[in-house]
Participant: 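The following block contains the structure, expressed as structure tokens.
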Amino acid sequence: MLKLGLTAPSTRKIQPTAVEQTQMLIDHGVAPENIYDSKVELLERVESEADPVEVVVSSLSRWGTQFKDKREGIEILQARSGSLTVLTPPRSSL
């Protein structure tokens, strides 16, 4: 299964930085060229893939701040038999 990652800037100090998020995704097996900083671009990639994908984010807040945004993204993943993996930030980041 192809792994795609999403990073997003954090508005809170306790969240991992974009660099830390990227490293978390790489450590989870996401290739650097498959890491996006735009959810729109990532979802376009999901829709263009013939096979199921796994989207990896460092925290659920990276997937969207509004319930509607989260739900729409999950519906796109479901249509492609994809999955969403939410990583736990390292304790040092909390």
Side-chain angles (χ1 to χ4, degrees):
M1 182 178 287
L2 176 65
K3 292 184 181 191
L4 303 174
L6 177 65
T7 63
S10 175
T11 58
R12 299 173 56 200
K13 293 280 186 195
I14 63 170
Q15 295 291 331
T17 66
V19 171
E20 292 168 328
Q21 291 175 52
T22 298
Q23 189 58 54
M24 290 172 68
L25 299 176
I26 291 170
D27 291 347
H28 190 72
V30 180
E33 64 272 13
N34 291 331
I35 297 175
Y36 293 82
D37 61 5
S38 164
K39 186 175 175 185
V40 171
E41 290 177 10
L42 176 127
L43 290 175
E44 287 173 356
R45 173 80 185 271
V46 168
E47 290 181 314
S48 74
E49 291 295 323
D51 295 324
V53 298
E54 175 187 4
V55 172
V56 183
V57 294
S58 62
S59 68
L60 193 54
S61 63
R62 304 294 67 114
W63 189 239
T65 56
Q66 302 295 318
F67 177 76
K68 177 184 165 204
D69 296 332
K70 290 176 182 172
R71 186 187 73 232
E72 289 172 352
I74 289 172
E75 288 172 352
I76 291 170
L77 283 174
Q78 285 180 325
R80 298 284 184 209
S81 298
S83 63
L84 176 65
T85 299
V86 180
L87 304 176
T88 304
R91 288 280 181 207
S92 62
S93 297
L94 299 177

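Scope of the values below: all heavy atoms of this structure, side chains included, with no hydrogens, waters or symmetry mates.
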Participant: In Å, rounded to the nearest 0.5 Å, how long is the span from CG of Leu6 to OG of Ser38?
Facilitator: 8.0 Å
Participant: How far apart are the closest heavy atoms of Ser81 and Pro52, and which atoms are they?
Facilitator: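 Minimum heavy-atom contact is O-CB, 3.2 Å.
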Participant: Once you round to the nearest 0.5 Å, how far does NZ of Lys70 lie from CG of Leu84?
Facilitator: 10.0 Å
Participant: Closest approach of Ser58 and Gln21, non-hydrogen atoms and distance?
Facilitator: OG-CG, 3.4 Å
Participant: Kindly determine whether Thr85 and Val57 satisfy side chain to side chain contact (heavy atoms under 4.5 Å, CB included), including the steps that lead there.
Facilitator: CA-CA 6 Å; Thr85 299; Val57 294; over 6 Å; no
Participant: Listed by chain and number, what are the salt bridge (charged side-chain N to carboxylate O under 4.0 Å, His left out) partners of Glu49, not counting sequence neighbours?
Facilitator: Arg45
Participant: Are Leu43 and Leu60 connected in a single hydrophobic cluster, I mean Ile/Leu/Val/Met/Phe/Trp/Tyr linked by side-chain heavy atoms less than 4.5 Å apart?
Facilitator: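 Leu60 and Leu43: one cluster.
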Participant: Taking the side chain from Lys39 and the backbone from Trp63, do they hold a donor-acceptor pair closer than 3.5 Å?
Facilitator: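 Yes.
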Participant: Would one find more than 12 heavy atoms of other residues, nucleotides or ligands at under 6.0 Å from atom CG of Asp37?
Facilitator: no
Participant: Leu2 and Val46: same hydrophobic cluster, using ILVMFWY side-chain contacts below 4.5 Å?
Facilitator: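 Same cluster.
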Participant: Under 3.5 Å, side chain of Arg80 to main-chain N/O of Asp51, donor-acceptor pair present?
Facilitator: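 The answer is no, because no donor-acceptor pair under 3.5 Å joins these two groups.
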Participant: Donor-acceptor pair, distance only, cut-off 3.5 Å: does the side chain of Glu20 make one with the backbone of Thr17?
Facilitator: yes
Participant: Mark yes when over 12 heavy atoms from residues, nucleotides or ligands other than Gln66 sit less than 6.0 Å from its CD; otherwise mark no.
Facilitator: no
Participant: Side-chain donor-acceptor pair under 3.5 Å between Ser83 and Glu54, yes or no?
Facilitator: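 The answer is no; no qualifying pair exists.
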Participant: For the atom pair CG (Leu4) and CD (Glu33), what is the distance rounded to the nearest 0.5 Å?
Facilitator: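 Answer rounded to 0.5 Å: 10.5 Å.
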Participant: Test Ile74 against every option in Glu72, Gln78, Arg71 by the side-chain contact (heavy atoms from CB on, under 4.5 Å) rule and name the one that passes.
Facilitator: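 One option only clears the test, and that one is Gln78.
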Participant: Just verifying a value: how many Å separate Asn34 CG and Ile26 CD1, rounded to the nearest 0.5 Å?
Facilitator: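 The CD1 atom of Ile26 is 10.5 Å from CG of Asn34, to the nearest 0.5 Å.
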Participant: How long is the straight-line distance from NZ of Lys3 back to CD1 of Ile35, given to the nearest 0.5 Å?
Facilitator: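 Going from the CD1 atom of Ile35 to the NZ atom of Lys3 covers 11.5 Å.
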Participant: Is it true that Tyr36 and Val53 fall in one hydrophobic cluster, defined by side-chain heavy atoms closer than 4.5 Å?
Facilitator: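 In one cluster with Tyr36: Val53, yes.
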